[in-house]
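Working notes for the structure below.
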2 protein chains.
Amino acid sequence: MGDVFKALADPTRRRILDGLAERDDQTLFEICARLATQHQISSSRQAISQHLELLEEAGLVRTRREGRYKFHTLDTAPLAQIAQRWLRKPQENP
Amino acid sequence: MGDVFKALADPTRRRILDGLAERDDQTLFEICARLATQHQISSSRQAISQHLELLEEAGLVRTRREGRYKFHTLDTAPLAQIAQRWLRKPQENP
DNA sequence: ACTATAGGCAAGTAACCACTTGCCTATCAA
DNA sequence: TTGATAGGCAAGTGGTTACTTGCCTATAGT
């Protein structure tokens with residue numbers, strides 16, 4: 001569960017999630033290209049690959065293999081709960 | 001804004017927020033005592049102080065001086081928006 | 001078969017982060 | 001004023017992390 005917070009702590013990873021929120025099923029190279037052109041992030045392919053690995057471990061990204069392509073998709077399920085941890089105050093509910 | 005995510009990335013800081021969610025206006029020593037007894041976190045006073053400083057910079061904690069005491073209060077305002085960043089998908093709204 | 005493309009593995013490096021240690025300031029009570 | 005309490009400042013350290021570099025595997029086109 002703490003993996004989600006750690007995954008979100010890095011600005012590059014947040015940009016990756018932004019890109020996946022705009023369009024699903026992106027390959028590693030597509031994600032790299034998007035980061036470079038839209039956000040001036042010129043990290044190496046391996047750097048982005050490692051970020052994606054971390055995001056997948058946190059449950060924020062789901063992957064699917066197809067031939068030599070690996071497609072990445074955003075999974076918002078873990079996000080729905082993290083902020084609620086401190087937002088819910090039982091005694092203040094109507 | 002990214003400060004909020006980084007602040008939430010550390011488990012000890014999340015415990016501090018837990019404690020402040022239970023009771024507001026805690027001093028540094030109260031927070032240290034709570035972490036030690038309730039969560040077996042035996043960090044030094046300075047360590048906790050540095051965590052609180054980070055949380056304050058992120059806007060998650062507000063402080064108030066009173067004599068030699070400094071009271072800490074949870075501010076949930078930044079939390080309300082961070083998760084929404086990827087949750088809102090306009091085209092899927094009813 | 002050969003070449004290019006998409007991606008993976010692993011070691012090394014530099015910066016960052018959590019934490020400690022030691023000393024200092026300020027407030028309050030006796 | 002003296003001593004105790006609450007907190008702050010700053011340098012140093014060990015572990016983590018983001019990133020690179022170099023090489024390797026696998027799929028697809030020609």
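These numbers were taken from a predicted model, which means no experiment stands behind them. Each chain gets a letter, A, B and so on, in the order the sequences are listed, and its residues count up from 1.
- Listed in residue order, the members of residues 25-40 of chain B having a heavy atom less than 4.0 Å from DNA chain D are B/Thr27, B/Leu28, B/Phe29.
- Under a 4.5 Å side-chain heavy-atom cut-off, the cluster of Ile, Leu, Val, Met, Phe, Trp and Tyr residues that includes A/Phe71 is completed by A/Tyr69.
- Axis angle across the helix from C/dA1-D/dT30 to C/dA30-D/dT1, with five pairs used at each end and values rounded to 10°: 20°.
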- Residue pair A/Ile82, A/Leu8: steps toward the side-chain contact (heavy atoms from CB on, under 4.5 Å) verdict: CA-CA 11 Å; A/Ile82 56 166; A/Leu8 294 174; 3.8 Å; yes
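- Here the P atom of nucleotide C/dA6 and the CG atom of A/Leu52 are 16 Å apart, to the nearest Å.
- Counting to the nearest Å, the C1' atom of C/dA18 and the CZ atom of B/Arg15 are 17 Å from each other.
- Scored by the salt bridge (Lys or Arg N to Asp or Glu O under 4.0 Å) test, B/Arg65 finds no partners at all (sequence neighbours excluded).
- Shown here are the side chain to side chain contact (heavy atoms under 4.5 Å, CB included) partners of A/Ser43, two or more places apart in sequence or in another chain: A/Ile41, A/Ala47, A/Ile48.
- B/Glu53 is linked by a side chain to side chain contact (heavy atoms under 4.5 Å, CB included) to B/Glu57, counting only residues two or more places apart in sequence or in another chain.
- Regarding B/His72, its NE2 atom lies at a distance of 10 Å from the C1' atom of D/dA6, rounded to whole Å.
- The salt bridge (Lys or Arg N to Asp or Glu O under 4.0 Å) pairs that include a residue from residues 10-21 of chain A are A/Arg15-A/Asp18, A/Asp18-B/Arg85, where partners are two or more places apart or lie in different chains.
- Within the structure, the salt bridge (Lys or Arg N to Asp or Glu O under 4.0 Å) test picks out the following pairs touching residues 31-51 of chain A (sequence neighbours left out): A/Glu22-A/Arg34.
- Among residues at least two apart or in separate chains, salt bridge (Lys or Arg N to Asp or Glu O under 4.0 Å) pairs with a member in residues 75-84 of chain B are B/Arg62-B/Asp75.
- When all heavy atoms are compared, the tightest approach of B/Pro78 to B/Ala58 is CG-O, 4.0 Å.
- In this structure, A/Arg68 has no side chain to side chain contact (heavy atoms under 4.5 Å, CB included) partners at least two apart in sequence or on a different chain.
- OP1 or OP2 of D/dG8 lies within a sub-4.0 Å distance of a side-chain N or O belonging to B/Ser49.
- Between B/Lys70 and the phosphate of D/dG8, there is a side-chain N or O to OP1/OP2 separation shorter than 4.0 Å.
- For B/Thr63, the side chain to side chain contact (heavy atoms under 4.5 Å, CB included) criterion is met by B/Glu56, B/Val61, B/Lys70, B/His72, not counting sequence neighbours.
- One interatomic measurement links the two molecules: CZ of B/Arg14 to C1' of C/dA18, which rounds to 14 Å at whole-angstrom precision.
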- Note on the structure: Letter by letter from the 5' end, nucleotides 17-30 of chain D scores (B base, S sugar-phosphate only, - none; protein heavy atoms under 4.0 Å) SSBBBB----BS--
